[in-house]
Amino acid sequence: QVTLAESGGAAVQAGGSLTLSCVVSGYVYTYSGHCMGWFRQAQGKERGAAAGGVSGSSTASYADSVQGRFTVSSNSAKTMWYLQMNSLQEEDTGMYCCAAEGSWGGGYWQRSGEFRVWGQGTQVTVSS
């Protein structure tokens, strides 16, 4: 049973940076080769994909709105999943959730319904 726990959300000014962390636990084997994702949801809006990747590899994709500003990564033990966010904008405000056990191919990483495991989320607030 995989569990996820996010942290790192905060209130920052536009142009600032944050790194979100997601602890991956409860898995017997090294959590590698699995599709992971970061999703976000602003108040009153639908949840959308910000970034996705494959644990233990450099494979990653990003939503157009965050391309060039956000970067996903994992630690060598593959027990941590990160989202580095730079040049934050007010539009980046929202609840950010880590997701696991998704499907990578065909752009499926963008589909929240493909992911079976979710964290509780961490709030990011960007102000001007």
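Numbering of residues begins at 1 and proceeds along the displayed sequence.
The environment of Tyr82 atom OH is dense: over 12 non-hydrogen atoms of other residues, nucleotides or ligands sit within 6.0 angstrom. No more than 12 heavy-atom neighbours from other residues, nucleotides or ligands sit within 6.0 angstrom of CD on Gln120.
The shortest non-hydrogen separation linking Leu88 to Leu18 is CD1-N, 3.9 Å. Of all the heavy atoms in Gly121 and Met95, the pair that sits closest is C-SD, 3.5 Å.
Between Phe39 and Trp118, the ring centre distance stays below 6.0 Å.
Thr3 places none of its side-chain heavy atoms less than 4.5 Å from the side chain of Val117. For the pair Phe115 and Leu4, the minimum side-chain heavy-atom distance is 4.5 Å or more.
To the nearest 0.5 Å, the span separating CD on Glu90 from OG on Ser128 amounts to 4.0 Å. The distance from atom CG of Leu83 to atom CH2 of Trp38, rounded to the nearest 0.5 Å, is 6.0 Å. Of the inter-residue distances, the one linking Tyr62 atom OH with Trp109 atom CH2 reads 9.0 Å to the nearest 0.5 angstrom. Taking CD from Gln41 and CZ from Arg47, the interatomic distance works out to 6.5 Å, rounded to the nearest 0.5 Å. The structure places CD of Gln43 at 10.0 Å from OG1 of Thr125, a figure rounded to the nearest 0.5 Å. If you take CD on Glu6 and CG on Leu20, they are separated by 8.5 Å, rounding to the nearest 0.5 Å.
Defined by atom type and a distance below 3.5 Å, a donor-acceptor pair is present between the side-chain atoms of Ser103 and Glu114. There is a side-chain donor-acceptor pair under 3.5 Å between Thr19 and Gln84. Using modelled atom types and a 3.5 Å distance limit, the side chains of Arg40 and Ser65 yield a donor-acceptor pair. Judged by distance alone, the side chains of Ser74 and Ser55 never bring a donor and an acceptor atom under 3.5 Å apart.
Put simply, the side chain of Ser87 never gets that close to the backbone of Arg69: no donor and acceptor are under 3.5 Å apart. Without hydrogens or angle criteria, Thr122 side chain to Ser7 main chain gives no donor-acceptor distance under 3.5 Å. When atom types are taken as modelled, the side chain of Asn75 and the backbone of Met80 share a donor-acceptor pair closer than 3.5 angstrom.
Hydrophobic clustering (side-chain heavy atoms under 4.5 Å, transitive across Ile, Leu, Val, Met, Phe, Trp, Tyr) groups Val12 together with Phe70.
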